[in-house]
Asks: 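Handing you a structure now.
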Amino acid sequence: MNKPKRYTVTAALIYANGPIHIGHLAGCYVPADVYVRYLRAAGEDVAFISGTDEHGVPITIKAKKEGTTPQAVVDKYYGIIKKSFEDFGISFDIYSRTSKEIHHKTSQDFFVKMYDKGYFDEVTTEQYYDETAGQFLADRYIVGECPNCHNPGAYGDQCEKCGSTLSPTDLINPRSTFSGSKPVMKATNNWYLPLDRMQPEIEKYVNSHPEWKANVFGQCQSWLKQGLQPRAMTRDLDWGIKVPLKDAEGKVLYVWFDAPIGYISMTKEWAEQAGKRWEDYWCDEDTKLVHFIGKDNIVFHCIIFPAMLMAEGSFILADNVPANEFMNLENDKISTSRNWAVWLHEYLEEFPGKQDVLRYVLLANAPETKDNDFTWKDFQTKNNSELVGIFGNFVNRTTVLTNKYYEGVVPEKGELTDFDKQTLETLAQLPGQIGESLRNYKQREALAGMLEVARLGNKYLADTEPWKVIKQDEERVKTIMYVALQITATLSIVCEPFLPFTAEKLRKQLNLEHKGWSEAGKDDLIKTGTKIEEAELLFEKIEDSVVEAQVNKLLETKRQNELEGKEVTPLKPEITFDDFAKLDIRIGKILEAEPMPKSKKLLKFLIDDGLEKRTILSGIAEHFSPEEMIGKQVTFIANLAPRKMMGVESNGMILMAEDKDGSLSLLQPHKEVWSGATVS
RNA sequence: GGCGGGGUAGCUCAGAUGGUUAGAGCGUCGGAUUCAUAACCCGGAGGUCACGGGUUCGAUUCCCGUCCCCGCUACCA
């Protein structure tokens with residue numbers, strides 16, 4: 001697009017059911033903030049919008065677990081999350097929430113408009129219904145026995161023990177978590193967005209943006225190739241935004257329908273406060289809309305939300321969706337449930353005032369093209385060698401010398417040498433380069449450019465050696481310090497998007513006003529005669545013991561996880577001896593083993609059961625190789641009804657014990673027995 | 001298995017519509033220096049650009065195949 005008149009920048013609406021960690025910051029919020037701070041410094045008109053997403057089933061479950069209300073849950077986390085963002089200098093123009101009245105109304109209007117235009121298909125499906133509680137049950141509200149691993153506490157969407165993805169109808173003996181009663185199937189109507197019919201338009205949109213990052217564009221192509229499916233935009237639930245139609249009692253908008261509309265309703269809220277027209281930011285072709293998100297949201301922001309916007313008809317579509325990949329922590333995936341994370345509120349307690357250090361490290365290592373790793377060792381190194389050694393040190397050298405030679409007053413500029421001119425020329429070019437990188441979402445490159453300014457300063461001082469020259473030529477030193485001070489002044493501008501707290505400190509130290517990006521690089525930013533403050537360190541070293549303590553904390557978490565990670569599965573209901581006697585459990589010997597073609601999990605075994613050779617399939621390919629299984633004695637259920645999987649009939653089931661860490665062990669007799677031995 | 005992303009220096013990562021010596025930071029080794037938080041500055045070493053084929057005058061960059069890692073998706077009696 002041509003030069004936009006204004007920018008609407010959104011950062012993902014975070015789900016209000018937990019605090020936030022460095023992964024959120026690295027993947028989405030710091031990049032968004034850097035982009036926005038740069039645009040503002042460059043004089044652009046920007047609206048920076050985000051908030052919490054407060055609807056959906058997981059929040060109701062969390063409330064139930066904690067014995068409180070969904071509203072109490074979202075109130076609590078809205079507060080915590082908002083504070084974390086403020087603490088880290090994420091400069092939203094508004095940080096709101098989807099529980100606001102204006103959001104409910106905006107979402108409903110949006111829905112009605114699509115409805116009136118005939119965009120939805122009304123579809124009747126059979127869903128589980130709890131007659132005692134008088135409500136339909138979301139998948140998560142149904143528990144039962146997992147058909148795969150027979151864990152009795154599997155949920156309707158997933159068994160957390162074996163990881164299988166389930167549908168509620170797969171569960172054996174389903175029960176409602178509300179009343180414990182057995183749910184019944186009941187017909188219900190919901191409204192579907194026919195993404196399948198809209199595919200051509202969506203494809204046209206996506207394909208008009210080949211400049212999107214490879215991970216984003218590729219992910220979209222993956223979805224499009226598989227073919228889009230109609231998607232329900234309403235749910236039978238009582239927590240959320242009411243479906244604004246007659247005969248829609250007990251139905252709410254699907255959380256992924258209302259959440260992105262939150263960007264619009266929050267813009268409205270902000271515009272009202274700020275005296276702006278929200279339409280300028282959402283309905284004007286000259287506005288550039290950019291969504292910052294993590295890679296888990298790509299499909300919603302690049303396909304579903306644009307489809308909704310197209311259907312509604314009055315809005316612009318995103319010009320770019322610069323999604324980052326994920327940030328790992330010490331070689332392991334960040335996980336809230338396993339407490340494998342650096343929580344922002346904890347970080348600030350342990351590293352008070354060091355927001356910029358974390359911002360810097362997360363940016364320097366931002367997962368722009370692939371998943372990246374955050375390690376405390378690297379955190380220390382980046383702090384000590386780059387922020388302290390290069391950035392802080394240069395500023396300190398300059399301010400110390402200025403105070404020493406001139407009592408803190410910026411000296412006059414004399415005759416410039418060729419080297420001075422060359423340095424100032426380089427200085428003049430860097431801000432433009434950094435800005436260019438930022439506009440292209442190359443933030444790591446931009447950050448390196450920022451540090452390059454400090455490097456330029458260090459080199460300038462090393463080459464001009466004012467501490468030596470002062471002994472022979474005092475006049476010359478004035479010019480040298482003048483030039484060095486100009487570099488610090490430019491630094492205070494170009495570091496601002498990345499290190500806002502440091503920028504503020506530096507400006508104070510130099511007694512410099514807040515200046516725009518276009519001023520950066522000029523050779524008279526800080527005027528002769530300006531009094532600067534005493535040198536004060538911008539960053540301090542981080543000692544080995546401090547990062548070791550953090551690593552130990554994580555190791556402790558790991559130990560805790562191993563201890564607590566698995567709970568012993570509760571006992572199943574009592575059975576009689578006759579029930580047991582129905583099972584025919586035997587020992588057999590594996591004669592042949594081979595992987596099932598086209599399957600990641602299944603192995604195919606030929607087993608000698610004493611009577612004959614039978615084929616058994618088992619989903620253990622991720623734990624055992626076929627070779628190591630051959631010749632082993634195994635325990636299996638011999639009279640289980642045959643079942644065909646991937647075209648091959650399986651006659652029985654091999655028994656395994658699952659250890660705490662999820663690894664599997666064969667159940668074997670303690671000395672070799674004959675094939676066909678029965679177990680009783 | 002399908003679809004997508006990735007496999008480049010000890011580490012973390014850039015890059016190339018195919019073209020003379022493949023880059024950065026950190027680490028390491030050596031030098032210089034003392035204004036500065038033992039910081040800074042200069043220089044060296046270190047890569048068969050996952051592997052095997054193909055197209056080409058020439059490929060690490062394009063094509064095909066294989067292997068490995070990550071995500072989504074299917075299979076898990």
Side-chain angles (χ1 to χ4, degrees), chain A residues 146-150 159 162-166 170 172 213-227 295-296 298-299 325-326 328 333 361 364-375 377-378 380-382 384-405 442 444-445 447-448 451-452 454-455 457-470 477 480-481 484 535 537-541 595-603 616-622 637 640-648 650-654:
Chain A
C146 172
N148 307 320
C149 70
H150 299 278
C159 171
C162 67
S164 334
T165 309
L166 304 172
D170 296 337
I172 303 166
K213 291 171 58 173
N215 58 334
V216 175
F217 193 77
Q219 190 63 234
C220 292
Q221 296 304 330
S222 176
W223 278 84
L224 291 171
K225 259 183 216 167
Q226 284 174 35
K295 70 170 168 185
D296 50 333
I298 289 174
V299 64
E325 299 282 298
F326 283 155
N328 292 328
K333 214 174 280 185
V361 175
N365 234 346
E368 283 179 354
T369 55
K370 59 183 174 194
D371 288 359
N372 255 349
D373 201 26
F374 176 94
T375 64
K377 184 70 201 150
D378 185 56
Q380 180 193 27
T381 303
K382 288 228 158 51
N384 291 357
S385 59
E386 295 174 22
L387 291 178
V388 176
I390 294 170
F391 189 125
N393 188 220
F394 166 62
V395 171
N396 190 45
R397 299 169 81 180
T398 308
T399 47
V400 163
L401 288 173
T402 305
N403 276 292
K404 196 163 171 180
Y405 300 153
K442 293 184 174 174
R444 297 166 58 120
E445 188 178 275
L447 189 71
L451 204 65
E452 196 54 40
R455 285 203 162 94
N458 277 320
K459 183 166 168 51
Y460 180 75
L461 288 181
D463 290 353
T464 52
E465 300 180 304
W467 51 90
K468 266 191 191 166
V469 178
I470 193 79
V477 174
I480 293 173
M481 291 318 299
L537 299 180
L538 292 173
F539 303 99
E540 54 190 31
K541 284 211 154 187
M596 275 291 281
K598 300 195 171 192
S599 167
K600 211 192 279 179
K601 296 186 180 171
L602 287 174
L603 291 183
I616 295 184
L617 302 185
S618 183
I620 57 171
E622 285 166 314
I637 300 181
L640 195 62
R643 167 84 176 221
K644 223 175 190 185
M645 280 180 285
M646 307 200 67
V648 175
S650 176
N651 296 284
M653 173 171 166
I654 297 174

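Numbered from 1 within each chain, the chains take letters A, B, ... in sequence-line order.
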Asks: When the distance from CG of A:Asn215 to P of B:rC72 is rounded to whole Å, what number comes out?
Replies: 14 Å
Asks: Does the structure show a Watson-Crick or G-U wobble partner for B:rG1, both distances under 3.5 Å? Name it, or say none.
Replies: B:rU73
Asks: Sticking with atom C1', work out how far B:rG6 lies from B:rA45, rounded to a whole angstrom.
Replies: 29 Å
Asks: Is a donor on one side and an acceptor on the other found under 3.5 Å between the side chain of A:Thr399 and the backbone of A:Asn396?
Replies: yes
Asks: Can you tell me, in whole Å, how much space there is between the P of B:rG18 and that of B:rU60?
Replies: 13 Å
Asks: Restricting to non-hydrogen atoms, name the atom on A:Ile390 and the atom on A:Asn458 that form the minimum distance, rounded to 0.1 Å.
Replies: O-ND2, 3.1 Å
Asks: In whole angstroms, how far is the P atom of B:rC40 from the CG atom of A:Leu461?
Replies: 13 Å
Asks: Pick base, sugar-phosphate or nothing for A:Asp373, based on heavy-atom distances below 4.0 Å to the nucleic acid.
Replies: sugar-phosphate
Asks: Take atom NZ of A:Lys404 and atom P of B:rA36, then tell me their distance rounded to the nearest Å.
Replies: 5 Å
Asks: Measure from NZ on A:Lys442 to C1' on B:rG15 and round the result to the nearest Å.
Replies: 9 Å
Asks: Can you work out whether A:Arg455 or A:Thr398 has the more 5'-proximal nearest nucleotide on RNA chain B?
Replies: A:Arg455
Asks: Describe the nucleic acid contact of A:Leu538 in one word from base, sugar-phosphate, nothing, applying a heavy-atom distance below 4.0 Å.
Replies: base
Asks: Of all the nucleotides listed (B:rC41, B:rU37, B:rC26), which has the minimum atom distance to the side chain of A:Ala462?
Replies: B:rC41
Asks: Mind checking A:Lys382 for me? I need base, sugar-phosphate or nothing, with any heavy atom below 4.0 Å counting as a touch.
Replies: nothing
Asks: Heavy-atom count around A:Glu540 CD within 6.0 Å, excluding the residue itself: above 12?
Replies: no
Asks: How many whole angstroms separate atom CD1 of A:Ile654 from atom C1' of B:rC76?
Replies: 13 Å
Asks: Just how far, in rounded Å, is C1' of B:rG10 from NZ of A:Lys377?
Replies: 15 Å
Asks: Taking the side chain as everything from C-beta on, heavy atoms only, tell me whether A:Glu368 gets closer than 4.5 Å to A:Arg444.
Replies: yes
Asks: Of the nucleotides B:rU37, B:rC26, B:rA39, which has the atom closest to the A:Val388 side chain?
Replies: B:rU37
Asks: Is the shortest side-chain heavy-atom distance between A:Phe374 and A:Val361 below 4.5 Å?
Replies: yes
Asks: Please work out if A:Asp378 contacts a base, only the sugar-phosphate, or nothing of the nucleic acid, heavy-atom cut-off 4.0 Å.
Replies: nothing
Asks: Counting the atoms with a prime plus P, OP1 and OP2 as sugar-phosphate, which does A:Leu537 contact under 4.0 Å by heavy atoms, base, sugar-phosphate, or nothing?
Replies: base
Asks: Which value, in whole Å, describes the distance between the C1' atoms of nucleotides B:rC11 and B:rC72?
Replies: 30 Å
Asks: With rounding to whole Å, what would you report as the distance between B:rG7 and B:rU61 at their C1' atoms?
Replies: 15 Å
Asks: Name the closest nucleotide to the A:Ser385 side chain, picking from B:rC26, B:rU12, B:rC42.
Replies: B:rC26
Asks: Need one value for A:Glu386: base, sugar-phosphate or nothing, where a base atom within 4.0 Å counts as base even if backbone is also close, heavy atoms only.
Replies: sugar-phosphate
Asks: Need one value for A:Val400: base, sugar-phosphate or nothing, where a base atom within 4.0 Å counts as base even if backbone is also close, heavy atoms only.
Replies: sugar-phosphate
Asks: If B:rC67 has a Watson-Crick or G-U wobble mate with both distances under 3.5 Å, name it; if not, just say none.
Replies: B:rG7
Asks: Please report the distance separating the P of B:rC64 from the corresponding atom of B:rA24, rounded so that it comes out in whole Å.
Replies: 33 Å
Asks: Which nucleotide, if any, forms a Watson-Crick or G-U wobble pair with B:rG23, using both distances under 3.5 Å?
Replies: B:rC13
Asks: Pick the closest RNA chain B nucleotide for A:Asn384 and for A:Tyr405 by heavy atoms, then say which residue is nearer the 5' end.
Replies: A:Tyr405
Asks: Once you apply a heavy-atom cut-off of 4.0 Å, does A:Gln219 come out as touching a base, just sugar-phosphate, or nothing?
Replies: sugar-phosphate
Asks: With a non-hydrogen cut-off below 4.0 angstrom, is A:Ala214 in contact with a base, only sugar-phosphate, or nothing?
Replies: sugar-phosphate
Asks: How far does the C1' atom of B:rA59 sit from the matching atom of B:rU20, given to the nearest Å?
Replies: 15 Å
Asks: Just the rounded figure in Å: distance from C1' of B:rA38 to CG of A:Asn393.
Replies: 11 Å
Asks: To the nearest Å, give me how far apart NZ (A:Lys213) and P (B:rG71) are.
Replies: 18 Å
Asks: Think A:Lys541 has a side-chain N or O under 4.0 angstrom from the OP1 or OP2 of B:rA39?
Replies: yes
Asks: Roughly how many Å apart are B:rG1 and B:rU48, using the P atom of each and rounding to a whole number?
Replies: 29 Å
Asks: For the side chain of A:Asn396, counting heavy atoms from C-beta on, which of B:rC72, B:rA39, B:rU37 is nearest?
Replies: B:rU37
Asks: Looking at CD1 of A:Ile637 and CG of A:Asn651, how far apart are the two atoms once the value is rounded to the nearest 0.5 Å?
Replies: 13.0 Å
Asks: Please report the distance separating the C1' of B:rU17 from the corresponding atom of B:rA32, rounded so that it comes out in whole Å.
Replies: 44 Å
Asks: Could you tell me whether A:Lys468 contacts a base, only the sugar-phosphate backbone, or nothing, with contacts defined as non-hydrogen atoms closer than 4.0 Å?
Replies: sugar-phosphate
Asks: Side chain of A:Ser222: nearest nucleotide among B:rC41, B:rC35, B:rG4?
Replies: B:rG4
Asks: Counting side-chain heavy atoms from CB outward, which of B:rU12, B:rC70, B:rC26 is closest to A:Lys295?
Replies: B:rC70
Asks: Within the 4.0 Å heavy-atom criterion, would you say A:Phe539 contacts the bases, only the backbone, or no part of the nucleic acid?
Replies: base
Asks: Looking at B:rA38, which nucleotide sits across from it as a Watson-Crick or G-U wobble partner, both distances under 3.5 angstrom, or is there none?
Replies: none
Asks: Within the structure, does a side-chain N or O atom of A:Lys225 lie under 4.0 Å from either OP1 or OP2 of B:rG4?
Replies: yes
